[in-house]
Undergrad: 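Supplied in structure tokens, the structure appears directly below.
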Amino acid sequence: MSLFITFEGPDGSGKSTQISLTAQYLQNLGHNVLLTREPGGSRIGDQIRTVLHDVTNTEMDPRAEVLLYSASRAQLVAQVILPHLQAGGVVVCDRYADSTFAYQGFGRQLDFEALQLITAFATQALKPDITIYLDLEVEQGLQRKVSANSAGKGELNRMDRLAVDFHRRVRQGYLEMARAEPERWLVINACDTVDNVQQQIRQRLGMQLGIKSQAAG
Ligand code: TMP
């Protein structure tokens, strides 16, 4: 049974830990799980990721930025995600199109309709079944990321260096998108313990797997 799960959240929200716990959990249930991430996840996508994350690329135009994220996504969907879903597998993706709406739409305030058109084209209109958003106060997220970076863990990318106001708009954007589509989104307080966050994710996945297997049977 195919299932497409995406994780979103501000930088420093504990996303990576929850993603690997979730993938492990689904694997233990016997699903064929593919773990991937954006930008990147394919050979071409990883090359695009390097350009996007290069902190010296300060002159990058926001339109070029959105097209690069979308180019990486188009490659990932066509080469990796769709074939795995078509073979009946589960895909867990670290960020997906909602990052573009949050960062380039709400954050950079690019035209939303243009972003929707570009995204539908890049993704062949593929949408996630579930999107898990790990919500964290902006200052806390940035603080966690800066401390990790000074301890030699994790990179500070071009987006991390943007103003706090930008990250506030991104967070409000995520919350607004989640409110608009509650059947797809699960919003979790990222300050909760790792175990509690994982529990909430498993509960929601259980419901979704139940719904999907009923539909298949
Ligand atoms: P990460 O690897 O730490 O998740 O960093 C990816 C960064 O790229 C993060 O700051 C969010 C940003 N991003 C966008 O601005 N738009 C997008 O479409 C995607 C996928 C990521």
Side-chain angles (χ1 to χ4, degrees), residues 4-20 22-23 35-42 44-55 57-58 60-77 80-81 91-112 114-123 126-128 131-136 138-149 151-174 177 190:
F4 182 26
I5 306 160
T6 59
F7 278 79
E8 299 285 344
D11 306 316
S13 61
K15 200 159 43 89
S16 315
T17 306
Q18 293 300 335
I19 287 173
S20 49
T22 304
L35 195 57
T36 188
R37 70 163 180 188
E38 280 208 13
S42 69
I44 292 171
D46 283 337
Q47 293 173 53
I48 298 172
R49 181 184 177 93
T50 307
V51 175
L52 279 164
H53 280 193
D54 187 339
V55 289
N57 281 341
T58 49
M60 190 182 291
D61 184 81
R63 287 175 184 77
E65 179 179 279
V66 84
L67 291 171
L68 284 169
Y69 279 116
S70 303
S72 166
R73 181 167 307 133
Q75 189 64 33
L76 183 68
V77 167
V80 179
I81 298 181
V91 175
V92 178
C93 194
D94 184 348
R95 297 192 182 280
Y96 188 61
D98 297 303
S99 283
T100 291
F101 295 123
Y103 286 80
Q104 280 67 49
F106 289 92
R108 296 229 188 262
Q109 299 177 305
L110 289 182
D111 181 67
F112 225 80
L115 294 184
Q116 280 170 329
L117 281 175
I118 293 166
T119 300
F121 178 70
T123 59
L126 176 72
K127 283 185 89 172
T131 299
I132 294 156
Y133 174 58
L134 300 176
D135 183 39
L136 192 63
V138 169
E139 286 78 3
Q140 255 176 318
L142 290 175
Q143 223 166 24
R144 284 195 196 181
K145 197 130 196 202
V146 169
S147 326
N149 181 254
K153 288 182 251 155
E155 48 163 10
L156 276 186
N157 62 41
R158 268 183 336 109
M159 308 304 283
D160 300 328
R161 291 168 188 239
L162 292 170
V164 168
D165 272 356
F166 171 90
H167 290 285
R168 286 214 180 93
R169 285 199 299 277
V170 169
R171 179 176 182 226
Q172 287 314 315
Y174 272 122
M177 289 191 288

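When a ligand or atom number is given, it counts from 1 through the structure's own listing order. Numbers here simply count residues along the sequence, with the first being 1.
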Undergrad: Are R171 and F106 side-chain neighbours, meaning at least one heavy-atom pair lies under 4.5 Å?
TA: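 No; the side chains remain at least 4.5 Å from each other.
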Undergrad: Got the residues with a heavy atom under 4.0 Å of ligand 1, by chain and number?
TA: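 Residue list for ligand 1: D11, K15, E38, R49, H53, Y69, R73, R95, S99, T100, Y103, Q104, K145, N157, M159.
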Undergrad: The criterion is ring pair (Phe, Tyr, Trp, His ring centres under 6.0 Å); which residues satisfy it with Y103, sequence neighbours excluded?
TA: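 Here no residue qualifies.
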Undergrad: For F121, is the CZ atom crowded, meaning more than 12 foreign heavy atoms sit under 6.0 Å from it?
TA: no
Undergrad: Taking ring pair (Phe, Tyr, Trp, His ring centres under 6.0 Å) as the definition, give me every residue that meets it alongside F7, ordered by chain and number, with sequence neighbours left out.
TA: none
Undergrad: Do the non-hydrogen side-chain atoms of Y69 and E38 ever get within less than 4.5 Å of each other?
TA: no
Undergrad: Would you mind listing every salt bridge (Lys or Arg N to Asp or Glu O under 4.0 Å) that reaches into residues 101-112, with sequence neighbours excluded?
TA: E65-R108
